[in-house]
Every structure is written in C-alpha cells, then in structure tokens.
Amino acid sequence: LAGNCSHPVRLRGEAVNLATGEVVPSKLSVACKDRRAIICAACSDLYKADAWILVSAGLIGGKGVLPEVAQRPRLFLTLTAPSFGPVHRRTPSGRCHTFSAGRCAHGHTLNCRRTHNAESKELGTPLCVNCFDYEGAVLWNAYSSKLWNRTVQELRRQLSHLQQAGDSEKPDATTLSYLKVAEFQKRGLVHFHVILRVDSANDHAGETSEPFECTKLIDIVGRVVRSVSWTSPTGRTSRWGAQFDVRDLSSGNDERTKVASYVAKYATKTTNDSLALARRFSSRESITNSTIEPHLARLALTAWDLGDRPELAFLKLQAHAHNFGFTGQIITKSRHFSTTFRDLREVRARFMKKNNLSDPIEGTYAYDGRGYDDPKAAQVAELIHSMTVQLRREMSARRRAEAVNAEGTQS
Ligand SMILES: [Zn+2]
Ligand SMILES: [Zn+2]
Ligand SMILES: [Zn+2]
C-alpha cells in the first residue's frame, strides 16, 4: 500500500468516509521516499526514474520545459577535487603511479607500480596516511558547494561580458542553467557531474534569437574552472582539481540518454554504498566502532573533530561526518533547468488518485512510527518490488521486440 516501500512512515488518526459521512479510526502507511538504494529499493527506484526525467527534460524538453532547449548548447562537465596526497588509483596507462616521487618524511615510498583492478580494496587509499591531508580533504568537501556557486557566478559573468562586447548597457542575450549531481570518489572526496545549458533570454518570451556557439561555452568553462577560487572566512582557499572533463551534448542522442542514466544512478548512491555511511553518526565512538575502511573512518573522524572548533561551527561538520564533511544536496539545479521532483510527484499522485476506485477518505493524521507492524512485511514489500521490476523489464523487452518486428514488416 505504500508503493512497496521497505520501511514506510506510519500515520494514525481519524478518517471521514466522504460517501457515508462516517468517522472511523484509521491507520496509513506512507512511502519513506528515501533516494538511497541501500535504504529502500522501491523508493530509490522511483527517485531514480524521476531524476532521469528531470535530466532528459532539461536536455530535450518536455514536462513543461520548452522543446527549444534541444537546440541550445549543452555540456556535460565533470569537476574533481584537487590532490590531498597520493592515493592508489586506476590510470589510463594501467600503472598506479608511473614515476617515483621518492620517499616521504615518514619513510614510505611514494610510488606504486601495480595495476589495480576495479574491485581492489586499496583504490582511493593513501600511499602514506600520515602524508594525506585529511583536514584539507574534509574542508574541501565542506566548501565545495560554495566553490560551485562561485563558479556559476563567474560563468554567468563571463558569458554576459562576451556578449556585451564593450557595451555594458546591453541586456543579456542568454541565461545559463544547470543541473549538478554530487558523487563520492573512492578517496572520500566529492566530485560533481554537471549539465550546463545556455538558453536564449528570449526563449521564455517565445521569441527566437541568434544561436550561441557551443565552442565559445567550452572555452569559457575551461578558463573559469582553471582559475576560479573561493576563500572561506577562516582564510582557506578552495579550487578545482586539475582533472576535469567537458563533453558536448549538443549532438548525438546516445550521449544524452547515457548522461541521464549516469545522473540518475549517482543520485541513488550513498557515500560508499554501505549501510554504515547511510546515516548520521551519533558520537565519535560510533565512528570508531563502525565497520568502514580505515581511510574513510579517518575522514569521518576528522570531520567529527573539526566540528568541535568554534570557528567552524557554522559548517555543522558532526552532522555531516558520514559524508566526510560534504554539506550540500546530492542533486541541485538552477530554477529554469527543468521541472522539479515535487512537480513530478504531484502529477503522479493526481494520476494515482484517478485510478483509485474506493470511496474517497479524508482525515487528520499524526506520526506513529517507522516500518511495518509485522517485521516480515518489509521482506514481502521488497519481494513484490523486485517482481514488479522484473515484470516491467519483460514488458519493455517485448515492446521493443514488437517495434523491431513492425519495422521489419514495413520495409
Ligand atoms: Zn521507501
Ligand atoms: Zn597502487
Ligand atoms: Zn608520509
């Protein structure tokens, strides 16, 4: 009844049957709406589907977004954090590190010539834990949203500057919108995948104007990412890492579908996809007693300890220790990029209501707890969910096969 949710919110109250006027005690289970797959498979799947729609509407229009966006310059940008010390990694050449940086002050060789596979537990862990700047890493995570805001400001400023061509009175011919999703790298630093779109300022007025060239946008993005910085009230300056990637999405449908799927997938992940990092830590001990890897535990402990410093109190780092200091939202977007999660949910609720054949019921409810009364019900919900997913896959495979057959008959 709660959309196959694994641990719904229970509500208790009184309801009025609108057909008979009768008032009866009533219980309701409402889906938890948690985006994380490790917490709730059903709610996470729905969130993932909404994230996919959100991205694809921003790329090609639909759901209230004008179809003209499909003609606009669109980029897929990946921004990383700078280095806070050498870590084990996978590189295009295969080798973890190709040249020796000698030994560190702690006597460790800062060199690893091995080729790590994707499952290697060492990936992301430092070559020397004493050299790794844990404090720098946590604070970079904490300030990364500020650095992003600064980056958007600078992109907008440079776009406007380019088009004014010396005439500062000239109104802006373009608007920049974005959707950004945060993902944790194995080393515990957050990085961002961003879709950028340049609209014509006249789009919303229904007029057409000169198209803006994508190459110009790529130039501006490269310049801004390399040079932008943000300095915290305590004087710490954040910049982007040297590694960043820009892809032009203006041509090629495959690329756009892939991007929507990436974003939807990242949106349902937790810090390292484990239950241990899915919720806030309640104390320093709860971090030391948890089962997470030593490198990630040390990041969480650093965030916890920094949270005690009065000058950093505004960051609320203890509440974000499970995210290694990252305080932002997983998905953020500018207002005009696309539709919203809320709008998508409202449309779905209206649609479901239409299909609900029982008598309409209205009532007042209060919070009564989490989960099902019978603990086995969670397993049943998960089973029904996985069967539903399986059925949906089979149906879509059949539809695709039928479409291919129909094409064959026509030709
Ligand atoms: Zn749920
Ligand atoms: Zn290595
Ligand atoms: Zn060292």
Item checked: Val190 versus Trp140, closest heavy-atom pair with distance -> O-CZ3, 3.4 Å

Next item on the list: Check whether any side-chain N or O of Thr174 sits under 3.5 Å from a backbone N or O of Val198 as a donor-acceptor pair, and report yes or no.
Entry: no

Check: Would you say Lys333's side chain and Thr339's backbone share a donor-acceptor pair under 3.5 angstrom?
Finding: yes

Check: What heavy-atom pair brings Ile39 and Ala278 nearest, and what distance separates the two atoms?
Finding: CD1-CB, 3.7 Å

Notebook entry, point to check: For the residue pair Ser6 and Tyr372, what are the closest heavy atoms and their distance?
Noted result: O-CE1, 3.7 Å

Next item on the list: Might you point out which heavy atoms bring Ala137 and Leu189 nearest each other, and give the distance in Å?
Entry: O-CD2, 3.5 Å

Notebook entry, point to check: Can you name the nearest heavy-atom pair linking Arg10 to Arg370, along with the distance?
Noted result: NH1-O, 2.7 Å

Next item on the list: Check the pair Leu155, Leu196 against side-chain contact (heavy atoms from CB on, under 4.5 Å), reporting the backbone distance first and the verdict last.
Entry: CA-CA 10 Å; Leu155 287 171; Leu196 286 175; 4.3 Å; yes

Check: Got a second to check how far Leu127's CG is from Glu122's CD, nearest 0.5 Å?
Finding: 9.0 Å

Checklist line | pair Phe281-Ser290: side-chain heavy atoms closer than 4.5 Å | finding: yes

Check: Got Thr125 and Val87 here, is their nearest side-chain heavy-atom distance under 4.5 Å?
Finding: no

Checklist line | Criterion side-chain contact (heavy atoms from CB on, under 4.5 Å) on Gln318 and Asp308, from CA distance to verdict | finding: CA-CA 8 Å; Gln318 292 182 346; Asp308 281 332; 3.1 Å; yes

Notebook entry, point to check: What residues, two or more places apart in sequence or in another chain, satisfy side-chain contact (heavy atoms from CB on, under 4.5 Å) together with Arg342?
Noted result: Thr340, Glu346

Checklist line | Sequence neighbours excluded - side chain to side chain donor-acceptor pair (under 3.5 Å) pairs with any residue from residues 74-83 | finding: Thr78-His193

Note to self: Just by distance, no angles: are the side chains of Ser250 and Asp248 close enough, under 3.5 Å, to form a donor-acceptor pair?
What the structure shows: yes

Note to self: Just so I know, are the side chains of Leu110 and Pro86 near enough to count as touching, which here means a heavy-atom distance under 4.5 Å?
What the structure shows: yes

Margin query: Once rounded to the nearest 0.5 Å, what's the spacing between atom CG of Asn323 and atom NE2 of His320?
Written below: 7.5 Å

Check: Do Arg197 and Phe337 meet the cation-pi criteria used here (NZ or CZ under 6.0 Å from the six-membered ring centre, within 45° of the axis)?
Finding: yes

Check: Any side-chain heavy atom of Leu139 sitting closer than 4.5 Å to one from Leu306?
Finding: yes

For a quick test of your reading: what N or O donor-acceptor pairs under 3.5 Å do the side chains of residues 43-65 make, sequence neighbours left out?
{"residue": "Ser44", "atom": "OG", "partner": "Arg35", "partner atom": "O", "Å": "3.1"}
{"residue": "Ser44", "atom": "OG", "partner": "Ala37", "partner atom": "N", "Å": "3.3"}
{"residue": "Asp45", "atom": "OD2", "partner": "His385", "partner atom": "NE2", "Å": "2.8"}
{"residue": "Asp50", "atom": "OD1", "partner": "Arg348", "partner atom": "NH1", "Å": "3.1"}
{"residue": "Asp50", "atom": "OD2", "partner": "Arg348", "partner atom": "NH2", "Å": "2.9"}
{"residue": "Trp52", "atom": "NE1", "partner": "Ser261", "partner atom": "OG", "Å": "3.4"}

Item checked: Test side-chain hydrogen bond (donor to acceptor under 3.5 Å, both in side chains) applied to Thr327 and Tyr143, step by step -> CA-CA 8 Å; Thr327 56; Tyr143 294 139; over 6 Å; no

Note to self: Side chains of Cys32 and Pro8, heavy atoms from C-beta outward: is any pair under 4.5 Å?
What the structure shows: no

Check: Does any pair with a residue in residues 289-308 pass ring-ring contact (aromatic ring centres under 6.0 Å, His included), and if so which ones, sequence neighbours excluded?
Finding: Phe132-His295, Tyr134-His295

Note to self: How close do Ala2 and Ser29 get, counting heavy atoms only, and between which atoms?
What the structure shows: CB-O, 3.6 Å

Output a table of donor-acceptor pairs, distance under 3.5 Å, between side-chain atoms of residues 235-246 and any protein atom two or more places apart or on a different chain; print 'none' if there are none.
{"residue": "Thr237", "atom": "OG1", "partner": "Thr231", "partner atom": "OG1", "Å": "2.9"}
{"residue": "Trp240", "atom": "NE1", "partner": "Thr151", "partner atom": "OG1", "Å": "3.1"}

Next item on the list: For residues Lys269 and Glu183, determine if any side-chain heavy atom of one lies less than 4.5 Å from a side-chain heavy atom of the other.
Entry: yes

Check: What distance do Thr175 atom OG1 and Arg72 atom CZ have between them, rounded to the nearest 0.5 Å?
Finding: 9.0 Å

Check: Run the salt bridge (Lys or Arg N to Asp or Glu O under 4.0 Å) check on Arg309 and Glu135 step by step: do they pass?
Finding: CA-CA 12 Å; Arg309 292 200 197 157; Glu135 199 175 299; 3.2 Å; yes

Note to self: Checking Gln153 against Arg156: is there a side-chain donor and acceptor pair closer than 3.5 Å?
What the structure shows: no

Check: Between Asp34 and Arg36, does at least one N-O distance fall below 4.0 Å, as a salt bridge requires?
Finding: yes

Notebook entry, point to check: How about Arg89 and Arg187: do any of their side-chain heavy atoms sit closer than 4.5 Å?
Noted result: no

Item checked: Reported OG-to-CG distance for the pair Ser160 and Leu176, which is rounded to 0.5 angstrom -> 11.5 Å

Notebook entry, point to check: CD1/Ile220 to OG1/Thr215 distance, rounded to the nearest 0.5 angstrom?
Noted result: 10.0 Å

Next item on the list: Go through the steps to decide whether Lys33 and Arg345 satisfy the test side-chain contact (heavy atoms from CB on, under 4.5 Å), and finish with yes or no.
Entry: CA-CA 10 Å; Lys33 298 193 183 70; Arg345 284 184 191 133; 4.1 Å; yes

Check: Under the side-chain contact (heavy atoms from CB on, under 4.5 Å) criterion, do Leu77 and Phe192 qualify, and how do the steps go?
Finding: CA-CA 8 Å; Leu77 174 65; Phe192 295 121; over 6 Å; no

Checklist line | Gap between atom CG of Leu312 and atom OG of Ser232 - 0.5 Å precision | finding: 8.0 Å

Margin query: Would you call the rings of Phe76 and Tyr262 parallel, tilted or perpendicular, taking 30° and 60° as the class edges?
Written below: parallel

Check: Backbone N or O of Gln329 within a donor-acceptor pair of the Thr332 side chain at under 3.5 Å?
Finding: no

Next item on the list: Would you check if Leu75 and Val194 make a side-chain contact, meaning some heavy-atom pair closer than 4.5 Å?
Entry: no

Check: So, Ser396 and Arg400: side-chain donor and acceptor under 3.5 Å apart, yes or no?
Finding: yes

Check: Looking at residues at least two apart in the chain, or sitting in another chain, which of them share a side chain to side chain donor-acceptor pair (under 3.5 Å) with Lys216?
Finding: none

